[in-house]
Amino acid sequence: MTTTIITLTSLSLLLLFHPLLTQSQPGRTNPPSPATQGQWRLLQSNLGISPMHMQLLHNNKVVMFDRTDSGRSNLTFSDGRCRFDPDDTQLQIDCTAHSVLYDVTTNKIRPLTIQTDTWCSSGAVLPNGTLLQTGGFHDGDHVVRMFTPRSSLLSYVDGDDNNNNDWVEYPDYLNRRRWYATNQILPDGRVIIVGGRRQYNYEFYPSDSKLYWLDFLRETRDGRNENNLYPFVHLLPDGNLFIFSNTRSILFDYDGNRVLTEFPEIPGGDPRNYPSSGSSVLLPLVENATAPSSIEVVEVMVCGGAPQGAVRSARAGEFARAISSCGRLRVSDRNPNWEMETMPLERVMGDMLLLPTGDVIVINGAGRGTAGWENGREPVTTPVIYRPSAPQIWRFSVMAASPTARMYHSSAILLGDGRILVGGSNPHVFYNFTGVLYPTELKLDAFSPPYLSPAYDPVRPRIVGVRAAAAVRGYGEEIRVSFCVTRYLTRSAVSVRIVAPSFTTHSFAMNQRMVVLRIVDVKQKASDMYTVTVVGPSTAEIAPPGYYMMFVVHAGIPSSCIWIKLQPR
Ligand SMILES: *[C@@H]1O[C@H](CO)[C@@H](O)[C@H](O)[C@H]1NC(C)=O
Ligand SMILES: *[C@@H]1O[C@H](CO)[C@@H](O)[C@H](O)[C@H]1NC(C)=O
Ligand SMILES: *[C@@H]1O[C@H](CO)[C@@H](O)[C@H](O)[C@H]1NC(C)=O
Ligand SMILES: *[C@@H]1O[C@H](CO)[C@@H](O)[C@H](O)[C@H]1NC(C)=O
């Protein structure tokens, strides 16, 4: 009797709140609850720094860093560590931290040491799990830095916060200064570093000592407005790069240094790159169920930004309304054309992130102005979630409002438990907490999308094991994942996805990608336990080597991830 009642209750909860059944419909407002609009939580009221760059590593720790030339941060080293920089314009002896390691599991912070300026730089995680960071400003603009996480998949050591692993810097490594450049991990494990302020070229890590020209970046520079910085770079399954700058985009063969195709200009003529910062994602790549190693549909999405001239007017104290349009370009089509859509809210400096469900969240940013010192107005505190494959009128839903304004120099990343970690916001040259419109933000927040609501617990899968969990995975190899779920629907409700964690800065999540894996079968093992067998990505062009978060999604509700490492055999 009791069992029956519980079953009915959870079933009716599902019917009431299930995202597949309750899309936000036009003219209808969802009852505001964590199950429909998600939930915000304060994790840290004083992180000590304002992290404009964030990267999750495979030991569930997040490397965060700011710039070093903003004067003192709010985190002083307790062990006498200091940075001596006679050329620093603010502080020549600086005993405060500008980088921290945040432990997602324990919610603890450890200060890290950077010696040279990391302002507006870029990064990528190497296939071996080490974070590669490139460039910055002043004394840091030619520097390459590495941070190696201590615990590995094979020997997971918890509480390694006592370890003293820290940044290692390699001065004068880069061929050119890289300030506002974009990084992308490549199929062979190299990293390409594209552009930067007045750099119409690219180079590689590890360096071959060469510089490669990319005139497209010069052509798309809009004078002093720029709008060609932090170009949106996505590695496509055919091995070429999609590069978007300002309003234009190309298919680029980086090895042959050739532009293969120029795509149509995004309609509307509005710039989308820094400082008119919109954002962009490569939509999930779905491995074909019947024809391995072919991805049928490859699609890039670009959302938000600021209109033509917005940079100039912001500098003059007039803050233009941000752009509400998004464009989707199916680059796998023979003659691709942008399909335009309208977000429920205008947004500049938003961050676009892929959720484990394959939906896209657009979070942070402002309703007016542009990126750059003091250039933004009207924080947009409500994220929106976009469902790429829903009927068009149901695609966008507006989430709960954050209590915190996240303006210029804020950032966001996906965590392994499905939350979105949000930090930063500092539109000032210094750390200013009073006497300014948008104080330097030291708070760290997490947004839990609706799928994390306990209302969905009956259908939530929980990964209980991966065959030889710690092992390295080759391409095209079978992976068996066991999961528990209280209320199993059907095989077609199950999917398995891998997500590359992003290096997020300045509204672009570099290296972010999702591959939906091919399912071989789903078998019931016990009353509430199932085993799904999937095939790893077909090629390194589809998923470059390295660490990925693997999620099981059931009925639109994701599990927490387990980390897998992809490595060519
Ligand atoms: C940061 O440090 C300054 C200077 O010590 C202090 O006035 C301020 O209250 C601190 N801010 C926060 C948010 O902790
Ligand atoms: C990964 O490779 C880099 C570059 O060769 C190296 O500096 C780093 O120590 C390696 N990390 C690990 C975990 O082996
Ligand atoms: C998989 O590929 C085959 C052959 O190219 C095609 O007919 C089929 O529609 C594809 N399926 C999906 C789900 O893309
Ligand atoms: C911001 O902080 C700097 C350095 O502490 C200070 O010189 C400046 O006056 C502050 N700006 C405002 C608007 O308070």
Side-chain angles (χ1 to χ4, degrees), residues 42-51 55 57-59 61 63 66-78 88-92 94-98 100-101 109 111 123-134 143-157 160 163-171 173-174 183 185-186 188-191 193 204-208 317 373-375 403-410 423-445 470 472 544-547 563 565-567:
L42 176 69
L43 298 178
Q44 292 281 343
S45 56
N46 189 352
L47 195 60
I49 69 161
S50 191
Q55 171 74 57
L57 299 175
H58 68 269
N59 59 357
K61 295 193 169 99
V63 173
D66 194 358
R67 45 198 278 258
T68 58
D69 57 352
S70 50
R72 299 174 58 80
S73 77
N74 274 57
L75 184 59
T76 303
F77 286 116
S78 55
D88 192 302
T89 46
Q90 305 312 324
L91 205 57
Q92 293 73 42
D94 182 358
C95 305
T96 65
H98 300 280
V100 298
L101 187 65
I109 296 156
V125 179
L126 298 175
N128 68 11
T130 289
L131 171 61
L132 168 81
Q133 182 279 352
T134 54
V143 179
V144 154
R145 305 167 188 80
M146 303 233 206
F147 182 86
T148 299
R150 263 293 191 263
S151 49
S152 74
L153 269 187
L154 294 166
S155 59
Y156 184 84
V157 197
D160 64 347
N163 284 338
N164 55 359
N165 54 324
D166 210 330
W167 285 105
V168 178
E169 304 198 20
Y170 301 88
Y173 187 95
L174 296 170
N183 292 18
I185 180 91
L186 298 172
D188 60 6
R190 284 182 300 163
V191 173
I193 307 148
F204 296 96
Y205 176 89
S207 177
D208 57 5
W373 304 131
E374 319 293 342
N375 279 358
T404 317
R406 299 291 184 178
M407 309 292 281
Y408 184 44
H409 285 160
S410 60
S425 186
N426 185 13
H428 319 295
V429 179
F430 306 102
Y431 275 32
N432 289 103
F433 304 104
T434 53
V436 287
L437 218 40
Y438 308 106
T440 302
E441 196 50 75
L442 304 181
K443 285 200 287 287
L444 189 66
D445 288 324
V472 160
Y547 289 92
W563 288 89
K565 186 182 185 188
L566 280 175
Q567 188 170 293

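In what follows, residues are counted from 1 in the order of the sequence shown. For ligands, and for the atoms within them, numbers begin at 1 and follow the listed sequence.
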I'd like to check which ligand 1 atoms, numbered from 1 as shown, lie under 4.0 Å from a non-hydrogen atom of Asn74. 1 (C), 2 (O), 3 (C), 8 (C), 10 (C), 11 (N), 12 (C), 14 (O)

Do you see a donor-acceptor pair shorter than 3.5 Å between the side chains of Asp88 and Thr68? no

Considering the heavy atoms of Leu442, write down every atom of ligand 1 situated less than 4.0 Å from one of them. 12 (C), 13 (C)

Any heavy-atom pair between the side chains of Phe147 and Val168 that's under 4.5 Å? no

Short N or O contacts of ligand 2 with protein, under 3.5 Å, listed by atom name?
unit_1   : atom_1 : unit_2 : atom_2 : d
ligand 2 : 2 (O)  : Asn128 : ND2    : 2.3
ligand 2 : 11 (N) : Asn128 : ND2    : 2.9
ligand 2 : 11 (N) : Thr130 : OG1    : 2.8

Which ligand 4 atoms does Val436 reach within 4.0 Å, using its non-hydrogen atoms? 13 (C)

Between Asn59 and Tyr547, does any side-chain donor sit less than 3.5 Å from a side-chain acceptor? no

How are the rings of Trp563 and His58 set to each other: parallel, tilted or perpendicular (split at 30° and 60°)? perpendicular

Gly435 neighbourhood, listing ligand 4 atoms whose heavy-atom distance to it stays under 4.0 Å: 13 (C)

Charged N to carboxylate O below 4.0 Å: is that the case for Arg190 and Asp208? no

Tyr438 ring center near Tyr408 ring center (under 6.0 Å): no

Under 4.0 Å, heavy atoms only, figure out whether ligand 1 is touched by the backbone of Tyr431, its side chain, both or neither. neither

When you compare the side chains of Thr76 and Thr96, does any donor N or O come within less than 3.5 Å of an acceptor on the partner? no

Quick check: His409 with Trp373 (ring centres under 6.0 Å apart)? yes

Report the part of Thr434 (side chain from C-beta onward, or backbone N, CA, C, O) that has a heavy atom under 4.0 Å from ligand 4; answer both or neither where that applies. backbone

Which residues share a side-chain contact (heavy atoms from CB on, under 4.5 Å) with Pro545, sequence neighbours left out: Pro127, Tyr475, Ala540, Pro568

Hey, which atoms in ligand 1 end up nearer than 4.0 Å to a heavy atom of Asn46? 12 (C), 14 (O)

